[in-house]
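Remember, predicted model here, so these are calculated numbers, not experimental data. Numbering of ligands and ligand atoms starts at 1, following listing order. The figures that follow rest on heavy atoms only: side chains count, while hydrogens, waters and symmetry mates do not.
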Amino acid sequence: MRICVVGAGYVGLTTAAALAVFGHEVQCVDINQAKIDDLNQGKMPIYEPGLDDLITEYSQKNKLHFSNNVVESIRDYPIILIAVGTPSQSDGSCNLSYIKQIVEIIASTINSYKIIITKSTVPPGTNEWIQQTFMEMGIKDDLFDIVSNPEFLREGRALWDIFHPNKLVFGTKTDRPLEVLKQLYLNEDTPFIFTSLTGAELIKYASNAFLATKISFANEMARICDAFEVDYADINKALGMDPRIGPDFLNAGLGFGGSCLPKDLSSLKHSALTHKIETKLLDAVIEINHKQIELYVQKLSDVLSPLAGRQITVWGVTFKPGTDDLRFSPSIALIQQLIQRGCIVHTFDPMVKLEASDVIPYMDQYESVDNSDALIIATEWDHFINCDWPEVQGRMKGSIVLDARNCLDGELIRNQGLLYLGVGIG
Ligand code: UDX
Ligand code: UDX
């Protein structure tokens, strides 16, 4: 099939490459000319394991093309997959202006039957609005079908997730596009969920809201464990053995970040409020998450006071390991709080050199701890889990290691004569 993917971001690029692997002819377009030029020179605008090789291979096979000609491409391709950004606004709602721009282009150029697939995460009712907009513009409903097809990709594992999905969700208004949709992702044995446009939108929000709820539950439990001097890791392990609970997304620490969970939670809350529905649980999930940063700063100042003037090294600035993405990174929120408390902050991250005026970023992991009073693990990269603790101990001035991801072997660190701190570490 001939498919135009609009938006060459994390989701658009990964999806475009995978669709080419599935044998489709894919045109990936983006308004950002520089991004398209880079892609046409084989330069990746984002880091995602395996994506660069796939893009090179399928571009050479003429299955995958990149262009800035958004209007022509939308006019010429029968299947349009929208993956533009839907960033948060100050009131928690979603900025749908990019979606609206693409919808206007489609509506003003449509001259043959098209399937319009929304992959971007949008609030409930958005795809019904797209349907309505087309009708109001007098476009006959036999000339198009709107489809809501949310993604569940995790950054850093996006290709794995797209080639091994646990479900494929399609929201439609009619049955007409179903046969085509079944041929889109050639993942054998993957269950399909066919539902309404708004049903699919809410499946996406519910998924991310539940993942965030598990994490905030884990963080609240870790606080309780801390008070009783119990190692939360034992609780995590035991909970995970119950198939009704499941082992994933129970890791306590600095909280959840990234471009999806925080944004989708506040957008779901906003959508619920527009229908006068109180969101007590979501509110608690968001509040617990926000308070995690303060909790770890307090843990540090309990043993290092005053904090002002202290040199603190923060290892990990990305919102999670395996990505170069800094969007809504809890580590950056922690760094900002430390700076507000008058600390001198040194950082190291295997993937990103944090360019910020009041932070000293290092390219060398061990140099970054030279003469530091304390070291904080903010993102659980393997580089930190398997690091040379005698080297660290020898270079630091202080001896505090604050594990804000419960990812280190406390015994090993204590045996090095370092003070191992954390929440719910027994
Ligand atoms: C996006 C959405 O933000 C997210 O809600 C959804 O779940 C998946 O798609 P992501 O891929 O991470 O997430 O966004 P981003 O990396 O910002 O990429 C969006 C791309 O769309 C950018 O490259 C931007 O230049 C492009 N874009 C935006 C267009 O091509 N046209 C536009 O009108 C607006
Ligand atoms: C998430 C969803 O997992 C994915 O299905 C959806 O499509 C997009 O949003 P992503 O944003 O890539 O994916 O990150 P994810 O791996 O979910 O992690 C989100 C945040 O939660 C990270 O900051 C991570 O550090 C944190 N986290 C995750 C925890 O604090 N504890 C956990 O047990 C798991």
Below 4.0 angstrom from a heavy atom of [X], which ligand 1 atoms are there? Numbered from 1 as shown, please.
| X | answer |
| --- | --- |
| Lys35 | 22 (C), 23 (O) |
| Thr86 | 2 (C), 3 (O), 4 (C), 5 (O) |
| Gln101 | 33 (O) |

N/O of [X] under 3.5 Å from N/O of ligand 1, yes or no?
| X | value |
| --- | --- |
| Thr121 | yes |
| Tyr10 | yes |
| Val11 | yes |
| Ser120 | no |
| Glu155 | no |
| Val6 | no |

Those atoms of ligand 2 less than 4.0 Å from some heavy atom in [X]:
| X | value |
| --- | --- |
| Arg405 | 25 (O), 30 (O) |
| Leu250 | 33 (O) |
| Lys204 | 6 (C), 7 (O), 8 (C) |
| Cys260 | 8 (C), 9 (O) |

List the closest protein heavy-atom neighbour of [atom]: residue, atom name, distance to the nearest 0.1 Å.
| atom | value |
| --- | --- |
| atom 3 (O) of ligand 2 | Arg154 CG, 3.3 Å |
| atom 2 (C) of ligand 2 | Asn208 OD1, 3.7 Å |
| atom 14 (O) of ligand 2 | Lys320 NZ, 3.2 Å |
| atom 1 (C) of ligand 2 | Leu261 CD1, 3.4 Å |
| atom 22 (C) of ligand 1 | Asp30 OD2, 3.4 Å |
| atom 31 (N) of ligand 2 | Asn251 O, 2.9 Å |

Give the table of side-chain donor-acceptor pairs shorter than 3.5 Å for residues 10-26, with sequence neighbours excluded, one pair per line with atom names and distance.
| from | atom 1 | to | atom 2 | distance (Å) |
| --- | --- | --- | --- | --- |
| Tyr10 | OH | Asp324 | OD1 | 2.7 |
| Thr14 | OG1 | Tyr10 | O | 2.5 |
| Thr15 | OG1 | Val11 | O | 2.6 |
| His24 | ND1 | Met1 | N | 3.3 |
| His24 | NE2 | Gln183 | O | 3.4 |
| His24 | NE2 | Leu184 | O | 2.7 |
| Glu25 | OE1 | Arg2 | NE | 3.2 |
| Glu25 | OE2 | His65 | NE2 | 3.4 |
| Glu25 | OE2 | Tyr77 | OH | 3.0 |

Cation-pi geometry met for Lys214 and Phe217 (6.0 Å, 45°):
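Negative - Lys214 is either too far from the ring of Phe217 or too far off its axis.
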
For Gly257, state whether at least one heavy atom is located under 4.0 Å from any atom of ligand 2.
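Yes; Gly257 lies near enough to ligand 2 that a heavy-atom distance drops under 4.0 Å.
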
Examine the proximity of ligand 1 to Gln33 and report which part, side chain or backbone, both or neither, has a heavy atom under 4.0 Å away.
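None of Gln33 does.
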
Between Glu151 and ligand 2, find which residue part has any heavy-atom pair under 4.0 Å and reply side chain, backbone, both or neither.
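Both backbone and side chain of Glu151 come within 4.0 Å of ligand 2.
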
Would you mind telling me if ligand 2 is within reach of the side chain of Thr323, the backbone, both or neither, using heavy atoms under 4.0 Å?
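Neither part.
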
As an exercise, state the distance from CZ of Arg154 to SG of Cys260, rounded to the nearest 0.5 Å.
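It is 12.5 Å, given to the nearest 0.5 Å.
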
Within-cut-off N or O pair, Leu153 and ligand 2, under 3.5 Å
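Right, the criterion is met.
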
Given side chains that start at C-beta, do those of His383 and Trp315 come closer than 4.5 Å, heavy atoms only?
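They are not in contact (no side-chain heavy atoms under 4.5 Å apart), so the answer is no.
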
As a check for students: among Phe256, Phe152, Phe328, identify the option with a heavy atom nearest to atom 20 (C) of ligand 2.
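Looking at heavy atoms only, Phe256 sits closest to atom 20 (C) of ligand 2.
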
Looking at Lys173 and Asp145, is there a salt bridge between them, counting it only when a charged N and a carboxylate O are closer than 4.0 Å?
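Between Lys173 and Asp145 there is no salt bridge, as every charged N stays at least 4.0 Å from the carboxylate O atoms.
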
Salt bridge check: are Asp226 and Lys299 linked by an N-O gap of less than 4.0 Å?
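Yes.
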
